[in-house]
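Positions are given from 1, in the same order as the sequence printed here.
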Amino acid sequence: MPHQLILPDFNLLSDEELFKNVMQDTATILGLNMEFLFDGWLVRFTNPYNPSERYELLGYDIGLNSSQSSFIAKDKAMCYKYLFEAGVPSIEHFLLKPKDYKFSNESAKETLLNVQKNYHFPLVVKQNNGGGGKNILYAFDETDLALTIGELSNNHLEISISPYYEFPIEYKCTYLDGEIIMSYGKTKGENLQNNLSKGAQVVEVPELLKEQLHSLAIQSGKAIGLRFANIDIVETEKGLIVLEVNASVAQKRVVRHSQELYQQAVNVYVTALRKLIG
């Protein structure tokens, strides 16, 4: 008989407290003890009958992926290259190293010229290994482009440049060993970003879109060599294309939006941990 969850009051708990509940429910279903450390940055699961047997969620990384595949996913420009070579439609990301730009390196100049030749403004300039909707700037002309590159160059070793695509909804698919075990959409919130931390709202994936969406997410996970990932896909005038691949699976803020999503998030971690435990 499946474990019956006693759901928390979503209105009374912070995001961190809700995520702690998700982790505790995950541990209970698996018969493990759970320690919630450093505000959830490290979650430790321990076998109560054998304390030396433990499993950890570190920075939302459960440990199923190889270090190489995780590195590729984190590097937006490299991830795009792997997806492109595998024939997976995705948003273009071109690497630019700030020091190259700062010292007028010829390679950096060539990259900028190629981007400006092949794509129209606006362009998106972002931290190459960033996430969570942070460190993303928009360039509407050549002056903007120089300013945004200069601003990000002050704090980041690598940045990436992308063409801007218009899309109202971003879809997130949770991938595990060739299957999609959870998916939902996010509308735009503050600054036109599809991040739940910036006021985006959760919507269901249309049934007519689900098969194509899940197929694209599965292709993406396999192309990068991941076992466990969140894959962000957007619907543009070119059709469905991959925006981003995340090797760290954070089902944190989404659980606040409905009891069903809370239960699905618990199931994601239970299923992934069972794979890890073997």
Side-chain angles (χ1 to χ4, degrees), residues 1-65 70 131-132 170-186 195-205 210 214 217 221 226-232 246-278:
M1 183 177 179
H3 178 78
Q4 297 297 311
L5 297 179
I6 300 175
L7 297 174
D9 188 327
F10 298 156
N11 295 320
L12 295 179
L13 300 180
S14 67
D15 289 339
E16 287 70 26
E17 289 169 328
L18 273 174
F19 185 61
K20 183 176 182 179
N21 270 69
V22 169
M23 293 293 95
Q24 184 57 65
D25 284 333
T26 299
T28 300
I29 292 171
L30 294 171
L32 302 172
N33 292 334
M34 189 276 292
E35 294 176 88
F36 198 77
L37 307 170
F38 306 109
D39 294 323
W41 190 245
L42 171 62
V43 183
R44 180 173 294 150
F45 301 93
T46 307
N47 185 335
Y49 304 105
N50 181 11
S52 64
E53 181 186 330
R54 70 184 192 186
Y55 311 93
E56 293 180 339
L57 188 74
L58 177 59
Y60 309 111
D61 189 330
I62 209 167
L64 282 171
N65 297 318
S70 294
E170 174 187 318
Y171 297 100
K172 186 175 291 290
C173 299
T174 302
Y175 169 90
L176 177 63
D177 285 343
E179 297 181 7
I180 301 303
I181 58 175
M182 182 177 180
S183 61
Y184 58 91
K186 299 182 294 180
N195 296 86
L196 297 180
S197 62
K198 298 183 182 297
Q201 295 299 309
V202 174
V203 295
E204 292 185 9
V205 177
K210 190 170 288 185
H214 288 188
L226 294 164
R227 294 189 60 192
F228 189 40
N230 270 341
I231 297 165
D232 298 337
N246 300 286
S248 298
V249 177
Q251 306 292 21
K252 186 176 178 181
R253 294 184 176 89
V254 68
V255 302
R256 180 181 299 283
H257 289 261
S258 75
Q259 294 184 359
E260 182 181 0
L261 287 167
Y262 181 93
Q263 292 173 319
Q264 286 181 26
V266 172
N267 180 65
V268 162
Y269 291 112
V270 168
T271 307
L273 272 167
R274 280 180 173 149
K275 293 271 188 178
L276 189 65
I277 294 168

Measure from the side-chain N and O atoms of R44 to the backbone N and O of L58, and report whether any donor-acceptor pair falls under 3.5 Å.
no
Mind jotting down which residue pairs meet the ring-ring contact (aromatic ring centres under 6.0 Å, His included) criterion with at least one end in residues 30-50? Sequence neighbours excluded, please.
W41-Y60
Quick check against the 3.5 Å criterion: does N65 have a side-chain atom that pairs as donor or acceptor with the backbone of F228?
yes
Partners passing side-chain hydrogen bond (donor to acceptor under 3.5 Å, both in side chains) against T174 (at least two apart in sequence or in another chain)
N230, Q251
Provide the closest heavy-atom pair for E16 versus D39 in the form atom of the first, atom of the second, distance.
CG-O, 4.2 Å
Donor-acceptor contact below 3.5 Å, side chain D15 vs main chain R253:
no
Of the non-hydrogen atoms in Y269 and V249, which two are nearest, and what is the gap between them?
OH-O, 2.8 Å
Here the pair of heavy atoms bringing S14 nearest to R256 is C-NH2, 3.2 Å
Show your working on side chain to side chain donor-acceptor pair (under 3.5 Å) between N47 and Y55 and close with a plain yes or no.
CA-CA 9 Å; N47 185 335; Y55 311 93; over 6 Å; no
Under the side chain to side chain donor-acceptor pair (under 3.5 Å) rule, what do Q263 and Q259 come out as? Steps first, then yes or no, please.
CA-CA 6 Å; Q263 292 173 319; Q259 294 184 359; over 6 Å; no
For N50, is there any backbone N or O sitting under 3.5 Å from a side-chain donor or acceptor partner on E53?
no
Please report the shortest heavy-atom distance between T26 and L273, naming the atom on each side.
CG2-CD1, 3.6 Å
For atom CD of E204, is the number of surrounding heavy atoms from other residues, nucleotides or ligands below 6.0 Å larger than 12?
no
Test side-chain contact (heavy atoms from CB on, under 4.5 Å) applied to I277 and L32, step by step
CA-CA 11 Å; I277 294 168; L32 302 172; 4.2 Å; yes
